[in-house]
A.B. asks: 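Can you read through this structure? Questions will come right after.
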Amino acid sequence: MPSSSTRASTAAGTTPAAEAAPLSHGLKQRHLSMIALGGVIGAGLFVGSGAGIAAAGPSIVVAYALSGLLVMLVMRMLGEMSAAYPSSGSFSAHAERAFGPWAGFTAGWSFWVLLCTAVGLEGMGAAKIVTGWLPGTPQWMWVALFMVVFCGTNLAAVKNFGEFEFWFAALKVGAITLFLVLGVLAVAGVLPGTDSPGASHLSDFLPHGGQGLIVGLLASVFAYGGLETVTIAAAESQDPVRGVASAVRTAMWRIALFYVGSMAVIVTLVPWNAPEVVEKGPYIAALDRLGIPGAGQLMNVVVLVALLSAMNANIYGSSRIAYSLVQRGMGPRALARVFGGVPRIAVLVSSVFGFLCVLLSYWRPDDVFPWLLNMIGAVILVVWIFIAVSQLRLRRALEREAPQKLVVRMWAFPVLTWVALAGMAAVFVLMAREPDTRVQLYSTGGMTLFLAAAGYLWQRTRARN
């Protein structure tokens, strides 16, 4: 196997600098800063946290804190590599540097499938909200409209993606900050018209015991997916190294404030077993407890924005991952064609794949669509493992050959890298114990093994040629 330094200069016949050259650098620092800030406030936080609270009760705060610590370590490792080697391929390019083309192939295409499928799921979630406001209108029509809008946005110029995400993120950050302020005031008993519940809702901290905490932990892990987009976007910014460094260094307080903080406020204000936590969503349930007029509809607007933001970001991320893979010789060459600084064919293909997932939910809702959802269920964990093992190898190569590139350093290396890997292994074990997540684990494992075999065969074939 060639050394890390050899792979760094010859991986797939392209360097990161050459890979990024055809793309425009239209993202400004304010775009990256807000993408990093708002990217942590994903649709999973608003949509999926209710089920976690119902399972774990007040201990959901511990679940989000534990999974948040794991995500912080992953982002720090990814930030170290992305600051040293900015690339639109992000972790896929880093995996290739560390272990060869098969690893980049496996990590990249599995993440592409995840992002494209997520585009369809987020479109369906957004359409459900709109049809609640406009009953009688078909959901598929709204999904198609959202697809056209964001596909068109990403086809035009990368700065359009940046502007959409800037304002989407600003609205999400403003809404969650206001929620936290109102919630803290209510908990403290100083919000007019409300009485503080004190700690009365926290007395039954583990209502379902350790099993409930495990379910809540698994739900919280997958709520953090999507934070990787900022390292993909950094390659098209005016100062990639600075952008990545800034985003990673602020990840800790953002996760602590937005995720752990909001969960703490919600379970303090609302009984964990209140039906509206799942039926309406935890944020709407908390605002209703505060008696704020129209709070439910306002939060629905925020959830809609979060879903549309995720659609926009995932179309962008999937197209750039596909572009990077093909630039490195790992897919159809047409996907790497760039027009006006944008890989437009990759954008179109990613969007079409996403809409195909929506159609499958109508055409084959009982077999093909659930199979697809199970297949992507644990992809984010596979990606995190690639990030961790790649960082283990590349960090040592950087220390030997280019220490000046270590602008961002992983804390307590290599101890915390191994701690993160142990945490990921623990999540896999917990998934294997739960019937609902076991199917996802095995389905994702099957897809990963298939892609790894395909990538290895492709690598051997190219080596012989």
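Owing to the predicted nature of the structure, the values given are computational and were not obtained by experimental measurement. For this chain, numbers begin at 1 and follow the sequence in order. Keep in mind that the numbers below use all heavy atoms, side chains included, and drop hydrogens, waters and symmetry copies.
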A.B. asks: Does Thr117 reach the main-chain N or O of Val113 with its side chain, forming a donor-acceptor pair under 3.5 Å?
C.D. replies: yes
A.B. asks: Are side-chain heavy atoms of Val215 and His208 found at a separation under 4.5 Å?
C.D. replies: no
A.B. asks: Spell out, as yes or no, whether a donor-acceptor pair under 3.5 Å connects the side chain of Gln459 to the backbone of Trp102.
C.D. replies: yes
A.B. asks: Listing request: all salt bridge (charged side-chain N to carboxylate O under 4.0 Å, His left out) pairs with a residue in residues 77-94, at least two apart in sequence or in separate chains.
C.D. replies: Glu80-Arg395
A.B. asks: Considering residues at least two apart in sequence or located in another chain, which fulfil the salt bridge (Lys or Arg N to Asp or Glu O under 4.0 Å) criterion with Arg344?
C.D. replies: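 If we apply the salt bridge (Lys or Arg N to Asp or Glu O under 4.0 Å) test to Arg344, skipping adjacent residues, there are no hits.
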A.B. asks: Under a plain distance cut-off of 3.5 Å, with no hydrogens placed, do Tyr283 and Ser262 share a side-chain donor-acceptor pair?
C.D. replies: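 Yes, because at least one side-chain N or O of Ser262 sits under 3.5 Å from a partner of the opposite role on Tyr283.
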A.B. asks: Rounded to the nearest 0.5 Å, how far apart are OG1 of Thr417 and CG of Leu73?
C.D. replies: 8.0 Å
A.B. asks: What heavy-atom pair brings Phe386 and Ala107 nearest, and what distance separates the two atoms?
C.D. replies: CD1-CB, 3.8 Å
A.B. asks: Are a donor atom and an acceptor atom from the side chains of His94 and Ser82 found within less than 3.5 Å of each other?
C.D. replies: yes
A.B. asks: Out of Ser350, Ser324, Ser318, which one pairs with Trp112 under the side-chain hydrogen bond (donor to acceptor under 3.5 Å, both in side chains) rule?
C.D. replies: Ser350
A.B. asks: Between Arg438 and Tyr442, do the side chains contain an N or O donor and an N or O acceptor separated by less than 3.5 Å?
C.D. replies: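 Absent: no donor and acceptor within the cut-off.
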A.B. asks: Nearest heavy-atom pair of Ser59 and Leu213: which atoms, and what distance?
C.D. replies: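 Answer, listing the atom of Ser59 first, then Leu213: O-CD1, 3.6 Å.
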A.B. asks: Give a yes or no on whether the backbone of Tyr316 and the side-chain of Ser319 come within a donor-acceptor separation of less than 3.5 Å.
C.D. replies: yes
A.B. asks: Is any side-chain heavy atom of Phe161 closer than 4.5 Å to a side-chain heavy atom of Ile315?
C.D. replies: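 No, their side chains stay 4.5 Å or more apart.
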A.B. asks: Is there a side-chain contact between Leu257 and Leu180 in this structure, where contact means two heavy atoms from C-beta onward sitting under 4.5 Å apart?
C.D. replies: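 Yes, close enough: below the 4.5 Å cut-off.
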A.B. asks: Any donor and acceptor pair, going by atom type alone, linking the side chain of Asn314 with main-chain N or O of Ala310 inside 3.5 Å?
C.D. replies: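 Here the side-chain-to-backbone pair exists.
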A.B. asks: Does a sphere of radius 6.0 Å around CZ in Phe413 hold more than 12 heavy atoms from other residues, nucleotides or ligands, not counting ones at 6.0 Å or beyond?
C.D. replies: yes
A.B. asks: Side chain to side chain contact (heavy atoms under 4.5 Å, CB included) between Ser361 and Met124: does it pass, once the steps are laid out?
C.D. replies: CA-CA 9 Å; Ser361 71; Met124 291 161 63; 3.6 Å; yes
A.B. asks: So Arg460 and Leu457, do their side chains get closer than 4.5 Å, heavy atoms only?
C.D. replies: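 The answer is no, as the side chains (C-beta and beyond) never meet within the 4.5 Å cut-off.
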A.B. asks: So which atom in Val347 and which in Cys151 form the shortest heavy-atom distance, rounded to 0.1 Å?
C.D. replies: CG1-O, 3.9 Å
A.B. asks: Verify whether one side chain among Trp142 and Thr131 offers a donor that lies under 3.5 Å from an acceptor in the other.
C.D. replies: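 Judged by distance alone, the side chains do not pair up.
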A.B. asks: When you look at Thr444 and Val382, which way does the side chain to side chain contact (heavy atoms under 4.5 Å, CB included) test go after all the steps?
C.D. replies: CA-CA 9 Å; Thr444 299; Val382 172; 4.0 Å; yes
A.B. asks: Ser443 side chain to Met375 main-chain N or O, any donor-acceptor pair under 3.5 Å?
C.D. replies: no
A.B. asks: Identify the two heavy atoms, one from Ala454 and one from Phe105, that lie closest to each other, and give their separation to 0.1 Å.
C.D. replies: CB-CE2, 4.0 Å
